[in-house]
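Working notes, structure below.
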Amino acid sequence: MSTVPPKLAEVRARLERACLRAHRDPAEVQLIAVTKGHDVAEIQGNVLAHGHTQLGESRIQEWRSKGELAGVEWHLIGSLQTNKVKYCTGFHTLHSLNSERLADALEAFGEKKGHTFRVLLEVDVAGETNKQGVSLPDAGPLARYASTLPHVDLVGVMTIAPYAENPEAARPTFRALRNLRDKLGLAELSMGMSGDFEVAAEEGATYVRVGSALF
Ligand SMILES: *Cc1c(COP(=O)(O)O)cnc(C)c1O
């Protein structure tokens, strides 16, 4: 294995320092390298060649063009339409369950194929109308609904914090998501991107989704 490229090494080091500040074991936080907009050669060179195999994509279409990459644990982090569910059995985890309709589509396809989807509930914590997630008040009912579906394994919650220059601005959003996760009794907390992943790690993230800082 060649030398870890400086960007991956730096993100790993920043993540580790954030965990230590919060008295967390760095092994509790998984780094998802978000590869949208980057081709197979870049992904190989910047990430996979250095033993990092957890990758995230936003769009099914783009992900399908990267199917040749072997040994990858893929995460779907972007919104999912019901008519694309049929492509999703190759994902380790879907981070964007946001409606009963989508849960029903996953259940129906999962039943047909004998596949159980591992999913996170996407929550629009800050109540931004342009976001895809379910609102905070609707999250509990949707989580309870999903937990009745045998082919949908709901393991956690995910959010995208509102864009801000100062990463500290995301802290209340991350805290609210963690509280929701605890209330629902789930394990996984997917939060934090290039601009705010250290704050997310301090606030308990179990997955951070980092793209531009790695490429
Ligand atoms: C693009 C994307 C990311 C990564 O964003 P960066 O700012 O490039 O790190 C994380 N999560 C989601 C849902 C995304 O769409």
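On a predicted model such as this, the values are computed, not experimentally measured, just so you know. Counting starts at 1 for both ligands and their atoms, in listed order.
- Note on ring orientation: taking the six-membered ring where Trp is involved, the planes of Phe215 and His38 are parallel (angle under 30°, cut-offs 30° and 60°).
- Residue Val210 approaches ligand 1 through these ligand atoms, each under 4.0 Å from one of its heavy atoms: 9 (O).
- A salt bridge links Arg171 with Glu202: at least one charged nitrogen is closer than 4.0 Å to a carboxylate oxygen.
- The two residues His75 and His92 come nearest to each other via the heavy atoms CE1-ND1, 3.8 Å.
- Of all protein heavy atoms, the one lying nearest to atom 5 (O) of ligand 1 is Met193 CE, 3.5 Å.
- Each of the atoms 13 (C) of ligand 1 lies under 4.0 Å from some heavy atom of Ile160.
- Within ligand 1, counting atoms from 1 as listed, the ones closer than 4.0 Å to a heavy atom of Ser194 are 6 (P), 7 (O), 8 (O), 9 (O).
- Using 4.0 Å as the threshold, Ser58 has a heavy atom nearer than that to some atom of ligand 1.
- Tested against Leu55, the residues Leu48, Val34, Ile32 include a single side-chain contact (heavy atoms from CB on, under 4.5 Å) partner, Leu48.
- Under a 4.0 Å criterion applied to the non-hydrogen atoms of Ser212, ligand 1 contributes the atoms 6 (P), 7 (O), 8 (O), 9 (O).
- With respect to Glu62 and Lys66, a salt bridge is recorded, a charged nitrogen being found less than 4.0 Å from a carboxylate O.
- Using a 3.5 Å distance cut-off with no hydrogens or angles, the side chains of Ser79 and Ser96 do not pair a donor with an acceptor.
- A salt bridge does not link Arg64 with Glu57: every distance from a Lys NZ or Arg NE/NH1/NH2 to an Asp or Glu carboxylate oxygen is 4.0 Å or more.
- Taking every non-hydrogen atom of Arg209 and a distance limit under 4.0 Å, the qualifying atoms of ligand 1 come out as 4 (C), 9 (O), 10 (C), 11 (N), 12 (C), 13 (C).
- For Ile77, no nitrogen or oxygen atom sits less than 3.5 Å from a nitrogen or oxygen atom of ligand 1, counting backbone and side chain alike.
- Every atom of ligand 1 is numbered from 1 in the order shown, and the set under 4.0 Å from a heavy atom of Lys36 is 1 (C), 2 (C), 3 (C), 14 (C), 15 (O).
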